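First the structure, in the form of structure tokens, and then the observations on it.
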Amino acid sequence: VGKIAVGRLRAGNIRTGQAIARINPAGQIEMGKVMQVYSFANLQRTAEDQVEAGSLAAGVRITLTIAGVVSPTQTGDLTNTAMVTTSQATDPNPGNNSDPDLNPQAALALAKRGVLNMTVVAPNDRADVGDVISYTLVATNTGTAPLTDVTISDPLLGALVCAPTQPASLAVGLTVTCTGAYTLTQTDIDAGQVLNTATADSSETPPVATPNAVPAPPSPNLAIVKTGTTGPVTIGDMISYTITVQNTGNVTLDDVTVT
């Protein structure tokens with residue numbers, strides 16, 4: 001078969017004293033053997049590296065292992081492409097020559113949903129002081145790296161009930177779900193909604209703020225009752241009237257007048 005010749009590196013950046021290649025095990029390649037022939041480490045390649053492996057007998061396989069150092073400024077994924085050439089044949093499957101190296105990215109998302117229960121305080125067809133909004137908050141690891149110390153907070157809701165308990169550790173794709181409740185006030189109904197912001201955070205990501213608005217629809221209504229002196233009256237008698245105006249809606253009324 002003959003010995004494998006260690007070829008050359010082109011356009012590389014090799015540090016002084018750094019090992020370039022080794023044959024393992026030393027010696028010749030034999031028919032049917034699978035072995036590691038070349039091993040490159042920390043080459044800091046800037047262009048194309050080329051290794052000439054000499055002649056290969058039928059059925060012989062060689063393995064080339066390359067290990068590089070990812071630049072601290074690298075973002076996104078890395079893709080490494082290898083090509084095999086010979087004067088006697090072409091690569092029958094060039095589509096398998098590239099392999100992506102995923103660069104883990106930390107990412108956190110927060111979804112918040114509130115549902116108003118209008119049946120707590122009668123009548124049951126409108127929002128009233130004392131009705132309750134139930135909130136569900138879900139933080140999801142949407143990145144490609146694990147997250148630790150994941151928390152959800154909402155100043156309007158106070159203490160939340162969460163599963164898993166927080167701070168939580170989330171593998172890729174997993175979630176932490178928290179629930180909380182808020183009781184409507186007259187100020188909320190006058191504003192027509194409850195608007196607040198929840199925040200999710202972790203040790204690997206910046207805080208993620210998610211605002212949420214739950215409608216508290218105003219339902220204005222006014223009732224008036226008028227009563228006068230009862231019994232028979234004659235000419236010259238004084239009749240007294242009482243007029244009662246009542247806000248029977250759920251929202252504060254302004255500029256109320258009686259004529």
Side-chain angles (χ1 to χ4, degrees), residues 69-79 99-220 247 249-254:
V69 176
V70 178
S71 168
T73 61
Q74 171 67 32
T75 59
D77 298 337
L78 296 172
T79 299
D99 181 55
D101 294 322
L102 298 181
N103 185 20
Q105 302 289 320
L108 183 64
L110 175 63
K112 179 180 179 181
R113 181 172 180 263
V115 177
L116 173 61
N117 181 3
M118 295 189 295
T119 66
V120 177
V121 176
N124 297 338
D125 60 349
R126 72 181 192 189
D128 289 283
V129 175
D131 283 342
V132 175
I133 302 176
S134 298
Y135 286 94
T136 302
L137 305 94
V138 180
T140 304
N141 181 348
T142 56
T144 57
L147 299 179
T148 59
D149 298 323
V150 178
T151 59
I152 300 175
S153 61
D154 190 319
L156 186 70
L157 305 182
L160 300 172
V161 178
C162 302
T165 57
Q166 55 178 343
S169 295
L170 296 181
V172 174
L174 295 189
T175 62
V176 56
T177 301
C178 298
T179 57
Y182 174 74
T183 302
L184 282 184
T185 67
Q186 188 61 58
T187 301
D188 299 323
I189 298 175
D190 289 345
Q193 64 178 357
V194 177
L195 177 63
N196 70 311
T197 299
T199 303
D201 201 0
S202 76
S203 294
E204 293 77 19
T205 62
V208 178
T210 300
N212 176 264
V214 176
S219 180
N247 180 351
N250 69 346
V251 64
T252 301
L253 300 177
D254 300 320

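All values derive from a computational prediction rather than experimental measurement.
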Check your understanding: Do any N or O atoms from the side chain of Asn141 and from the backbone of Gly173 form a donor-acceptor pair under 3.5 angstrom?
Key -> no
Revision key, fill the gap. The complete set of disulfide (SG to SG under 2.5 Å) pairs with one or both residues in residues 121-160, sequence neighbours excluded, reads none
Revision key, fill the gap. Residues 110-170 vs disulfide (SG to SG under 2.5 Å), sequence neighbours excluded, gives Cys162-Cys178
Practice item. Would you mind reporting whether Thr119 and Asn124 have side-chain heavy atoms less than 4.5 Å apart? Key: yes
Point to revise | salt bridge (charged side-chain N to carboxylate O under 4.0 Å, His left out) pairs, two or more places apart, involving residues 151-179 | key: Lys112-Asp154
Point to revise | Residue list, side chain to side chain donor-acceptor pair (under 3.5 Å) with Asn247, at least two apart or on another chain | key: none
Practice item. Could you list all the side chain to side chain donor-acceptor pair (under 3.5 Å) pairs where at least one residue sits in residues 125-134, not counting sequence neighbours? Key: Arg126-Asp128
Exercise for review: Return each pair, listed once, that meets salt bridge (charged side-chain N to carboxylate O under 4.0 Å, His left out) where at least one residue sits in residues 180-205; pairs must be two or more places apart or across chains.
Suggested key: none
Review point. What salt bridge (charged side-chain N to carboxylate O under 4.0 Å, His left out) pairs are there with at least one residue in residues 171-187, not counting sequence neighbours?
Key: none
Check your understanding: Which pair of non-hydrogen atoms, one from Pro164 and one from Val176, has the smallest distance, and what is that distance?
Key -> O-CG2, 3.3 Å
Point to revise | Close side-chain approach of Gln166 and Ile152, heavy atoms under 4.5 Å | key: yes
Check your understanding: Under 4.5 Å between any side-chain heavy atoms of Val129 and Thr185, yes or no?
Key -> no
Practice item. Just jot down the side-chain contact (heavy atoms from CB on, under 4.5 Å) partners of Thr183, sequence neighbours excluded, or say none. Key: Val132
Review point. Looking at Ala107 and Leu147, what are the two nearest heavy atoms and their distance?
Key: O-CD1, 3.5 Å
Check your understanding: If we only count heavy atoms from C-beta on, is the Pro220 to Leu253 side-chain gap below 4.5 Å?
Key -> yes
Practice item. Looking only at non-hydrogen atoms, find the nearest pair between Ala213 and Pro215 and report the distance. Key: O-CD, 3.8 Å
Revision key, fill the gap. Applying side-chain contact (heavy atoms from CB on, under 4.5 Å) to Ala209 and not counting sequence neighbours gives Thr197, Thr199
Check your understanding: Do the side chains of Val194 and Leu156 get nearer than 4.5 Å, heavy atoms only?
Key -> yes
Practice item. For Thr205, enumerate each residue passing the side chain to side chain donor-acceptor pair (under 3.5 Å) test, keeping only those at least two apart in sequence or located in another chain. Key: Ser202
Review point. How close do Ala109 and Thr142 get, heavy atom to heavy atom, and via which atoms?
Key: CB-CG2, 3.8 Å
Point to revise | Residues which pass side-chain contact (heavy atoms from CB on, under 4.5 Å) with Val214, listed by chain and number, not counting sequence neighbours | key: Leu116, Ile133, Tyr135, Asn212
Study note, to complete from the structure: Smallest heavy-atom separation, Ala139 atom then Ala200 atom, equals CB-CB, 4.2 Å
Review point. Is a side-chain donor or acceptor of Thr151 paired with a backbone partner of Pro167 at a separation under 3.5 angstrom?
Key: no
Check your understanding: How would you list, by chain and number, every residue that makes a side-chain contact (heavy atoms from CB on, under 4.5 Å) with Val138, sequence neighbours excluded?
Key -> Thr136, Thr140, Thr175, Thr177
Practice item. Give the minimum heavy-atom separation between Pro218 and Gly192, together with the two atoms involved. Key: CD-CA, 4.3 Å
Exercise for review: Mind checking the CG-CG spacing from Leu157 to Leu137? Nearest 0.5 Å is all I need.
Suggested key: 6.5 Å
